[in-house]
Amino acid sequence: MRYLSVCEPYAELKKCVGRAIARAVASLKVSIDPEVVAGMLQEPPKPEFGDLALPLPRVSKELVENCGDIASLVGEAGSECVEKVQCVSSYLNVWARSSYIVEKLATALSKLGREYGITKKEKPARVVVEFVSANPVHPLHIGSGRNAVLGDFIARVHELSGDLVERRYYVNDLGLQVANLVYGYIKLGRPRRPEFLKDDHFLGLLYAATSTIVDIAKLKKKLETASEAESGEIRREIDALLGELFRIRSKLPDLVDSLLKSVDPSRDAEREVRNLTQLLELGDKSVVDAHREVVNRVLAGIRETLEKLGVFFDKWDYESDLVRSGLVGEVLSKARSSEYYMLHKNAPALDLAKLAESPELRELLGVPEHLEIPPLILARSDGTTLYTTRDIAYTIKKFSEFSADRVYNVVAIEQTLPQAQLRLALHALGYVREATSLVHYAYEMVNVKGLSMSGRRARYVTVDEVLDELAARVRELAVKRGVNLAEDVVLKIARSAFKYAMLSVSPRKTLVFDPEQAVEVKSGTSTYLQYTLARANGIMSRYGREVEFSELDSEGLVGKRRELALLIARFPEVFRKVVAELAPEDLISYLNRLAEVFNSWYDADPILAEPREELRNLKLALVYGAKVVIENSFKLLGLDIVERI
RNA sequence: GGGCCCGUGGCCCAGCCAGGAUAGGGUGCCGGCCUUCUAAGCCGGUGGUCCCGGGUUCAAAUCCCGGCGGGCCCGCCA
């Protein structure tokens, strides 16, 4: 990938040091590539070991015994960037010239200003990010919250890199889940919500109650034909579901009571729901109306939550529209004439196993090496299509409508198989470019301490309640500190804390969400970073002028100031890595270190009160650098900047 | 049964892919610091068999092999 305006002070320093060492080693008649040396330079664990260190055995074993000689050779040769070199237990410890660091950093900061560290691509790409796409049957829970935050992050990464990004939400309104909700919704005559509940929360309860009653009906039917041995187990399951229903009832008694009056659990409720899925897919007027209404009511609630989070979408795509547009039908007929077409237990399917035999293709499509690929069933025997089939059509649509070079599906890691099948199916049907440019950005699930989550049973922690609780804590803390915070600032602090919790853990790891802990507002969170930024901004606005980069006292670059300068100098590289690897947690670790060094320095060293002008300029340059670094990181992570905290 | 992921102080997490110095943070607990740029902060202390066992290496939390523990996937669900 090529980038514009490369201006990376730390990388330049490493290259320069690499050259200096390579020159010295050359006089020992050993030839090494300066670039390689630069790549091997690492950050010493302690300041006593200098600014950069080279483990000599990594370069060459023979050099280890010459460690002391090399150190003095580098020192004698002199270099614009090397101040001093020492040999400590086979490490070459390098102290950089302060003037070099200051000059490189000042150049970068004054040249790029607020753009410092952001590397734009030479050729912008067109990127679609599909994320959240939670089924419109209940409010967003924190699992979808993780999706929302990560998807937003990916979109931001590309936006900041100069790409054109389209954010899409796939409204999966054709699954069995929605049919269950529609069933209950119609049975109750399109009920209104009580005053104290948001629509998505209210309808989420309706959905859970309906699902549970339908499931009970299913089990009761099974009981009729069950053997003596089976019936005991089934009865226990029914009892468990009755318990769930009772719990749901406790939240909204009237709702469940009237639902029980209109849905007879002993009748074949399941078949009625199945009928609904068919009518929906066919576009039956009588149900489509109620269906779209209830879906939009839930969606309005979800949207409100996303807005509170500061997460926005360009397009909302209804799955039902996709089917009715005929796109899914086209995919089906294309599949029928494909060489991979097969019947699997009498259902139309694609035999992708053959295709997946090629290791090269797996590599190309990012299909895990040992993942077994079963046939992809395209439709039920009643003719209704299945999710992945519709997703094939949707993927084609996402690519074509935006002329996308790449499409991200931000989807839970548990869907690795269907996502792999999706890419293989696209390839099988001749959509080779689409198949290779579709990225499954996978993230692990969110578990809540002491709760097994289930949408079907209304057992979840919602994003709304977490945000509300966080906001309450922020207010409480503000009162304690005697600070008057505007409501929008409260929300910004609260939602940033939520995002931070979602972003600071690697997406590949299961996130154990402890509601008690997440709502704490304390150090080691976004609040700490926001606070640090507010301090830096406070100084800058109090100073009220542009920093004078041409007159900096580089002799003053010692202690925490030096540490901070080197961290700021590293930002462009950190940024590039985070963008390339889509790893928000790396950026967060870096920010925490930067904030720690900044605060520790801030506490001990007066900045504006510094009497010597050139030293004051140096300090201000550091404050400015830290400010720009944190602000640009916030842009990438979607955290909010607050003026006062 | 097969496959993938995870295991790091009491709790949470970074480091592992590209092996390097005494394993970093946070939280918790104990103590100290506000007449000076925001104390949601700073400083000090406390706390670790990097799941276990082998192997490779001058060097292993990191790579390889074998276990153990936890999660996920293998549906005419999504």
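A, B, ... follow the sequence lines: proteins, then strands. Residue 1 opens every chain.
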Any base atoms under 4.0 Å from [X], or only sugar-phosphate, or nothing? Heavy atoms, all strands.
X: Leu386(A); answer: sugar-phosphate
X: Glu643(A); answer: base
X: Ala534(A); answer: base
X: Glu585(A); answer: nothing

Which residue pairs pass the salt bridge (charged side-chain N to carboxylate O under 4.0 Å, His left out) test with at least one member in residues 598-609 of chain A, sequence neighbours excluded? Arg561(A)-Asp605(A), Asp605(A)-Lys619(A)

Contacts satisfying salt bridge (charged side-chain N to carboxylate O under 4.0 Å, His left out) that involve residues 496-513 of chain A (not counting sequence neighbours) are none

From CA spacing to verdict: side chain to side chain contact (heavy atoms under 4.5 Å, CB included), Val505(A), Arg146(A): CA-CA 10 Å; Val505(A) 178; Arg146(A) 189 177 198 183; 4.2 Å; yes

By side chain to side chain donor-acceptor pair (under 3.5 Å), Thr395(A) pairs with (sequence neighbours left out) none

With rounding to whole Å, what would you report as the distance between G7(B) and C17(B) at their P atoms? 13 Å

Say you pick atom C1' in C11(B) and the same atom in C68(B); how far apart are they, in whole Å? 23 Å

Can Tyr602(A) be classed as stacking with the base of G41(B), given a centroid separation cut-off of 5.5 Å and a plane angle cut-off of 30°?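 Aromatic stack with G41(B) absent for Tyr602(A).
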
Taking the side chain of Arg380(A) as its heavy atoms from C-beta onward, which of A39(B), C77(B), A21(B) lies nearest to it?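 Closest of the options to the side chain of Arg380(A): C77(B).
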
Taking the side chain of Ile377(A) as heavy atoms from C-beta outward, which of G75(B), G25(B), A39(B) is closest to it? G75(B)

Which pairs, protein N/O on one side and nucleotides 6-10 of chain B N/O on the other, fall under 3.5 Å?
residue: G7(B); atom: OP1; partner: Lys509(A); partner atom: NZ; Å: 3.1

Report the C-alpha separation of Arg456(A) and Asp215(A) in whole Å, then their side-chain angles, then the decisive distance to 0.1 Å, and conclude whether the salt bridge (Lys or Arg N to Asp or Glu O under 4.0 Å) test is met. CA-CA 10 Å; Arg456(A) 293 180 73 84; Asp215(A) 287 346; 3.1 Å; yes

Could you check which residues of residues 490-497 of chain A get a heavy atom under 4.0 Å from RNA chain B? Sort them by number, please.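 Listed by number, there are none.
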
Footprint string (nucleotides 59-73 of chain B, 5' to 3'): B base within contact, S backbone only, - free, heavy atoms under 4.0 Å: -------------SS

